[in-house]
Amino acid sequence: MKEIISNIVKEVLKAKELPEVNFSLEPPKNKAFGDFSVNAALVLAKSTGRNPRELAGEIAEELKKKSRYFSKVEVAGAGFINMTLNETIYTGVLNDILEKGEKYGRNDLNKGKKANLEWVSANPTGPLHAGHGRQVCLGKAIANLLEWSGYEVTREYYYNDAGNQMNNLAKSVYARYMQIIDPSFPFPEDGYHGEYIKEYAQSIFDEKSDTLKNSDNIDFFKEYAEKKNFERIKKTLETLGIKHDVFFSETELYRNKDIEKLLSDFREKGASREEEGAVWLNMDRKRFQKDKVIVKSTGEPTYRLPDMAYHINKIKRGYDYIIDIFGSDHGDTYKEVLYGIETAGYDVKNIKVIIHQMVTFRSGNESVRMSKRSDNVYYLDDLITDVGADATQFFFVMRAANTHLDFDIELAKEQSDKNPVYYLQYAHARICGIFRNAAENFNEDIKVKDFNSGLLTEPEAVDLLKVLSRFPDEVESVTAALEPHKIITYLNQTAEAFHKFYHNNRVLNADDLETTKARLKLCEAVRTVLRNGFNIIGITAPERM
RNA sequence: GCGCCCGUAGCUCAGUCGGAUAGAGCAACAGCCUUCUAAGCUGUGGGUCGGACGUUCGAAUCGUCCCGGGCGUACCA
């Protein structure tokens, strides 16, 4: 819809021999100003030195001639041109929604293109904790959005299984195992304290008795714990309907020599140097405070080097769009990684990094601690159990990634109108209720193909149609910005428009079958848009509440 | 200290590539159920958009400085 109007404005500017400019065309905040507002005259006033109101008047005159589209065009304020669309345009939208159904809102702007989204990527040192949830849920929604815009999406999970962390994990399980045999066995200082470590140790002991007490068997503990941890992580993700296509292990980059090759590339280009027994990557001092170690003096790479090699690997796999989601604790380090990739001679322009801020949890007025040190970790599984998968997904996606998120567990748990997720779901359930009732007394009217959309003239119905017509534009812009929280903002507006319509207009009316038919079709369209939106953010569409 | 992010109604937050009277939910107050689910609707109150200065016809939005909070500033990841 927006595109159509935008093109009309462009045509008019061209016809008036005005220079091409970037104007903004938006539905104005205030409904009284019509359906779309364009600031073209204000923008042009600057470059042409003309009076903006005068210029706006001339453009408006031309637009008025397009009466097929506009019922009203007027100049307002400093030189805005406000346009009100013909209502018949919107009834066309209704047919469009009914015809496209679950495809309504999809576009093929990126048809034939491949995107790779890497997220979660938690190392398998333990179960996902509640804080991971933000990234988990954001990524799910973003992957869906990319698909809605035509991308073929590879969902990928990268994990470091070669570094220190996994050794600590192995030592921790080993220590717990040994403690079963000898309670005085020391626990490593930087070991993992979670209950799950004890469980693993116990089940190993149950199976193998004390046959593994020799510390040479440490690799067994590592592999066992890694396998168990991944089982748990995957199960948690599954609860939220997430399935990664690729699990990429750091070890693979050693096996296939990618890391070795990258290191020699750096050396040949003179981009790295050896000093104090370590290998340093020479950084651009304008952008970075100091050079960074890529291989420790122990001969072990720091996480940066495999990260760079991993991204080069992704680039070589030929994606049109490579997206990473990281927490703000990686806010600086990803820049180093990108710099390394560039230095090695690869283009990073198709790589986009989304940084999300940290989450704090509270229950009403009480803050919930997320200490990693203690045994008392609040796991993502716990959160899902407490508030449900829908509320989990909704609350994590509800806010812009780049702001701190305050997750109120008590509110998410609340089964009432206080909980924002129900406002949306209730709209859907209400529509399903109407159709249940219609099935009894108006069954034939549900099925009809022909209906008179001209009967949908009530202000609430027209407003509702206008909101529904925006859905494809929203999907498009939200995908471009990779900001799924805006889908929720939009769905709220949709639900609001529906609730108002419902309140003021009875759908099923035996005395007026024609209006009943038309309103049923409108409800059908609302239900379609809600379901499609729910699908993107990953919540269910309940039929009853 | 330096770098990145954030600061909008009592609370949680939208709005931020400059645009019209700054919005929503919750909380408060006042109404609406003999009719498709009141998990809804209608109305009222509530704001120095952290502060100051600057750019502009126009600033919550851009720039500089300051204040407050988060994250980073490792031969951890």
Side-chain angles (χ1 to χ4, degrees), chain A residues 22 24 26 28-30 32-33 37 39 42-43 45-46 52 76-80 82 121-123 125 159-160 163-166 168 190 250 275-280 287-290 292-304 306-307 327-333 335 355-358 360 362 365 395 398-408 411 414-427 429-438 440-442 485-486 488-489 492-493 495-496 498-509 516 519-520 523 544-545:
Chain A
N22 279 328
S24 89
E26 295 295 335
K29 282 179 247 170
N30 191 332
F33 295 139
S37 182
N39 69 347
L42 288 159
V43 179
K46 240 170 215 175
F80 292 96
N82 295 331
S121 296
N123 294 334
T125 57
Y159 60 101
N160 300 103
N164 265 331
Q165 294 189 21
M166 297 310 287
N168 280 340
D190 45 3
E250 177 188 356
E275 204 175 290
E276 300 163 18
V279 181
W280 298 71
R287 289 158 61 191
F288 301 94
Q289 290 179 356
K290 52 189 205 173
K292 296 288 173 182
V293 171
I294 49 177
V295 182
K296 297 184 246 180
S297 53
T298 59
E300 213 180 14
T302 62
Y303 72 96
R304 291 184 195 92
D307 267 18
S328 65
D329 49 342
H330 290 249
D332 284 338
T333 59
K335 290 174 190 159
I355 296 290
H356 64 84
Q357 300 301 314
M358 294 298 165
T360 48
R362 67 184 163 109
N365 290 322
F395 273 67
M398 180 168 59
R399 304 301 180 204
N402 210 12
T403 79
H404 302 273
L405 176 62
D406 193 69
F407 195 119
D408 187 342
L411 178 64
E414 184 96 27
Q415 303 257 341
S416 76
D417 55 356
K418 285 185 188 169
N419 191 334
V421 68
Y422 293 112
Y423 187 75
L424 300 185
Q425 293 186 320
Y426 184 55
R430 265 186 156 174
I431 295 170
C432 292
I434 294 171
F435 278 99
R436 274 193 299 274
N437 288 323
E440 288 175 26
N441 301 312
F442 300 86
H485 74 279
K486 289 181 177 169
I488 291 183
T489 307
N492 264 316
Q493 292 165 6
E496 186 185 2
F498 172 73
H499 285 310
K500 283 181 183 169
F501 167 77
Y502 176 92
H503 188 259
N504 290 303
N505 303 282
R506 196 184 159 79
V507 174
L508 304 175
N509 179 1
T516 297
R519 288 181 180 172
L520 275 170
C523 289
R544 292 171 200 274
M545 287 173 73

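Here is how names work: the chains are called A, B, and so on, in the same order as the sequence lines, proteins then strands, and each is numbered from 1. Atoms considered below: every heavy atom in the structure, side chains included; atoms not considered: hydrogens, waters and symmetry mates.
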Inset, instruction - For each nucleotide in nucleotides 23-29 of chain B, reading 5' to 3', give B when a protein heavy atom comes within less than 4.0 Å of its base, S when such contact involves only the sugar-phosphate, and - otherwise. - result: ---SS--
Inset, instruction - Return no unless some side-chain N or O of R430(A) is found under 4.0 Å from OP1 or OP2 of rA38(B). - result: yes
Legend entry - Nearest-nucleotide pick for I434(A), side chain only, options being rG15(B), rC36(B), rA14(B): rC36(B)
Inset, instruction - Evaluate side chain to side chain donor-acceptor pair (under 3.5 Å) for T360(A) paired with D406(A), printing each intermediate quantity in order. - result: CA-CA 5 Å; T360(A) 48; D406(A) 193 69; 3.2 Å; yes
Inset, instruction - Mind checking A427(A) for me? I need base, sugar-phosphate or nothing, with any heavy atom below 4.0 Å counting as a touch. - result: nothing
Inset, instruction - Provide the distance between the two P atoms, one in rA60(B) and one in rU55(B), to the nearest whole Å. - result: 16 Å
Legend entry - Nearest atoms (heavy-atom pairs only) where P420(A) meets M398(A): CG-SD, 4.2 Å
Inset, instruction - Can you check whether any acceptor in the base of rA77(B) is under 3.5 Å from a donor in the side chain of N168(A), or vice versa? - result: no
Legend entry - Side chain R399(A), main chain H404(A), donor-acceptor under 3.5 Å: no
Legend entry - Test item: N160(A) side-chain N/O and G163(A) main-chain N/O as donor-acceptor pair under 3.5 Å: no
Legend entry - Distance in angstrom units between E250(A) CD and rA77(B) C1', rounded: 9 Å
Legend entry - Length of the line joining D406(A):CG and rU8(B):P, which is rounded to integer Å: 12 Å
Legend entry - Spacing of M398(A) atom CE relative to rG15(B) atom P, expressed in whole Å: 13 Å
Inset, instruction - Determine the contact category for R362(A): base if any of its heavy atoms lies under 4.0 Å from a base atom, sugar-phosphate if only primed atoms, P, OP1 or OP2 are that close, otherwise nothing. - result: sugar-phosphate
Legend entry - N82(A) versus S37(A), side-chain donor and acceptor atoms under 3.5 Å: yes
Inset, instruction - For K500(A) and for A76(A), locate the closest nucleotide of RNA chain B by heavy-atom distance; then report the residue assigned to the nucleotide nearer the 5' terminus. - result: A76(A)
Legend entry - Identified side-chain contact (heavy atoms from CB on, under 4.5 Å) partner of F435(A) from the options V507(A), L520(A), L508(A): L520(A)
Legend entry - Sub-4.5 Å side-chain heavy-atom contact between M166(A) and T125(A): yes
Inset, instruction - Specify the residue among N505(A) and A400(A) whose closest nucleotide of RNA chain B lies further upstream toward the 5′ end. - result: A400(A)
Inset, instruction - Give the dot-bracket string for RNA chain B, reading 5' to 3', where a pair is Watson-Crick or G-U wobble with both distances under 3.5 Å, ( ) marks pairs inside the strand, [ ] marks pairs crossing earlier ones, | marks a partner on another strand, and . marks unpaired. - result: ((((((((.[[[[.)...(...]]]].(((((.......))))).....[[[[[..)....]]]]])))))))....
Inset, instruction - Respond yes when some side-chain nitrogen or oxygen of T403(A) is under 4.0 Å from OP1 or OP2 of rA14(B), and no when none is. - result: yes
Inset, instruction - Please check the phosphate of rC6(B) (OP1 and OP2 only) for any side-chain N or O of N402(A) closer than 4.0 Å. - result: yes
Legend entry - Value in whole Å for how far the P atom of rU34(B) lies from CZ of R506(A): 14 Å
Inset, instruction - Can you check each nucleotide of nucleotides 70-76 of chain B against protein heavy atoms at under 4.0 Å and return B for base, S for sugar-phosphate only, - for none, in 5' to 3' order? - result: SSBSSBS
Legend entry - Sole residue of N402(A), L405(A), D329(A), T403(A) in side-chain contact (heavy atoms from CB on, under 4.5 Å) with Q357(A): N402(A)
